[in-house]
Amino acid sequence: MRDSHVSAWFWVGVPVVVYFGHYLLRVLAPDAFFDHYILHESGATEQGTILVLALALIMGLVVLREVSSLGDKRLWLFFGLFCLGCLYFGGEEASWGQHWMGWNAPDQWASLNNQNETNLHNSNGLAGSLLDQLPRNLLSLAALIGGAIVPLVCRARGRTYTPDSFAYWIMPGIACVPAGLIAALASIPQKICKSIAGDVVWPMDINAGEVKELMIAVFLFVYIVTIWLRLRHRNDEIRRLIPK
C-alpha cells in the first residue's frame with residue numbers, strides 16, 4: 001500500500017533524523033556530553049525509547065477503539081496484542097519505574113537479574129535470552145520483512161489490498177520502509193567498523209544495541225500512526241459520501 005495520505009516528512013524524516021542524529025552528535029559533541037546525556041542509562045536514547053513506546057501505546061489504544069467499528073474481531077485481537085507488546089517493551093526498558101523512582105531491586109529478584117533491576121529481560125540464563133534477545137530478534141525480523149521487504153515487493157508487483165480485507169488494516173505500507181530498514185540494520189555499521197578497527201570504533205561507537213531498540217520503537221510508532229491515518233482517511237471518505 002502506498003499510504004499516500006501519510007506525509008513524507010514523518011515516515012522518512014523521523015527515522016532518518018533519530019538514527020543518523022546519533023552519529024552526528026557523536027562527531028560534533030564532546031565525548032563526555034555524548035556518553036552522559038545520550039548513552040547513559042538515563043540518557044536521551046533509552047528515555048527516548050520509553051517515550052516513543054508510550055506514544056505508540058497511546059496510538060495503539062486509539063486504533064484499538066476505532067477498529068471496533070470495522071466489525072472484525074481479529075483486528076481487535078491483533079492491535080490488542082500490539083498494545084500489550086508496547087506496554088511490555090516500554091515497561092521493561094524503564095524497569096517498571098525503577099529508573100525514575102530509584103528503588104533497589106528486592107534481594108531475591110536481584111539475585112536472578114544480572115543488572116540488579118526489576119525487569120525480566122535482564123534475567124540470568126535462558127529466561128533472559130527468551131525475554132530479551134528472542135523478542136528483539138523477532139521484532140527486527142518483523143521490521144525487515146514485514147515493514148520493508150513485503151511492502152517493496154507488493155509495490156513492485158502492483159499488489160494492493162482492499163479496505164474490506166484483514167490484511168489492509170494490519171499490513172505495513174511503503175511509509176514503514178525507512179523505519180523498518182533502519183530498525184533491522186541499525187547495529188550493522190558499528191559491527192562492521194568494530195570488526196575492522198577493533199576497539200577503536202570512534203565515531204561509530206553509538207552503543208548500537210540501545211540505538212537499535214530505539215529504532216525498533218520508532219518503527220512501531222511509525223507503523224501504528226500509519227494505521228491510524230489509514231482509519232482516519234477511511235472515515236473522511238465515508239463522510240464525503242454522506243449527502244449534506
Side-chain angles (χ1 to χ4, degrees), residues 1-4 6 8-23 45-46 48-50 52-53 55-57 59-60 63 78-79 81-90 92-93 121 128-161 165-195 204 206-230:
M1 283 166 292
R2 297 185 178 183
D3 281 331
S4 57
V6 184
W9 70 264
F10 173 74
W11 60 272
V12 177
V14 170
V16 168
V17 169
V18 172
Y19 179 63
F20 289 101
H22 280 81
Y23 289 107
T45 299
E46 183 145 345
T49 302
I50 298 169
V52 173
L53 287 168
L55 294 173
L57 174 58
M59 292 304 303
V63 168
F78 179 86
F79 290 109
L81 291 174
F82 175 90
C83 292
L84 289 175
C86 290
L87 179 63
Y88 172 77
F89 190 176
E92 285 288 292
E93 283 297 297
H121 72 279
S129 298
L130 292 176
L131 296 170
D132 180 20
Q133 297 175 21
L134 179 60
R136 179 165 53 186
N137 290 337
L138 290 176
L139 283 171
S140 295
L141 283 174
L144 178 61
I145 298 174
I149 295 176
V150 170
L152 288 173
V153 170
C154 288
R155 177 72 173 271
R157 294 180 176 179
R159 182 177 181 181
T160 59
Y161 302 101
S165 66
F166 176 70
Y168 178 87
W169 296 109
I170 67 165
M171 288 301 296
I174 287 295
C176 291
V177 170
L181 285 174
I182 293 174
L185 307 176
S187 60
I188 299 299
Q190 183 169 319
K191 289 180 179 179
I192 293 174
C193 189
K194 190 170 184 177
S195 67
M204 290 295 186
I206 60 170
N207 195 345
E210 293 296 329
V211 174
K212 183 180 181 69
E213 290 179 353
L214 171 59
M215 296 315 302
I216 290 174
V218 169
F219 167 73
L220 293 173
F221 177 63
V222 170
Y223 165 72
I224 199 65
V225 169
T226 62
I227 299 300
W228 173 70
L229 290 173
R230 210 174 287 173

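For this chain, numbers begin at 1 and follow the sequence in order.
Within the model, atoms CZ of Arg230 and CD1 of Ile224 stand 10.0 Å from one another, a figure rounded to the nearest 0.5 Å. For the atom pair OG1 of Thr160 and CE of Met171, the computed distance is 12.5 Å after rounding to the nearest 0.5 Å. To the nearest 0.5 Å, the span separating CD on Glu46 from CD1 on Ile50 amounts to 5.5 Å. Atom CD1 in Ile227 sits 9.0 Å away from atom OH in Tyr168 (nearest 0.5 Å). Of the inter-residue distances, the one linking Glu92 atom CD with Thr49 atom OG1 reads 13.5 Å to the nearest 0.5 angstrom. With rounding to the nearest 0.5 angstrom, the CG atom of Leu144 is 4.0 Å from the CD1 atom of Ile149.
Looking at Phe89 and Ile216, their side chains come closer than 4.5 Å, going by heavy atoms from C-beta outward. Between Trp169 and Phe78, every side-chain heavy-atom pair lies at or beyond the 4.5 Å cut-off. Side-chain atoms of Tyr161 and Cys154, non-hydrogen and from C-beta on, do get closer than 4.5 Å to each other. Leu53 places none of its side-chain heavy atoms less than 4.5 Å from the side chain of Leu57. Residues Ile174 and Trp11 form a side-chain contact, since some pair of their non-hydrogen atoms from C-beta on lies under 4.5 Å apart.
The two residues Thr45 and His22 make their nearest non-hydrogen contact at OG1-NE2, 2.8 Å. Gly146 and Pro172 get closest at one heavy-atom pair: O-CG, 3.3 Å. When all heavy atoms are compared, the tightest approach of Pro189 to Tyr23 is CB-OH, 3.5 Å. When all heavy atoms are compared, the tightest approach of Cys86 to Ala56 is SG-CB, 3.9 Å.
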Side chains of residues 175-182: which donor-acceptor partners sit under 3.5 Å, not counting sequence neighbours?
none

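Between Phe79 and Phe82, the ring planes are perpendicular. Angles over 60° get that label, and only those under 30° would be called parallel.
Checked against side chain to side chain contact (heavy atoms under 4.5 Å, CB included), Val14 has the following partners two or more places apart in sequence or in another chain: Phe10, Val18, Val218. Residues satisfying the side-chain hydrogen bond (donor to acceptor under 3.5 Å, both in side chains) criterion with Ser140, sequence neighbours excluded, are Lys212.
Checked by atom type and distance alone, the side chain of Tyr19 never pairs as donor or acceptor with a backbone atom of Met215 at under 3.5 Å.
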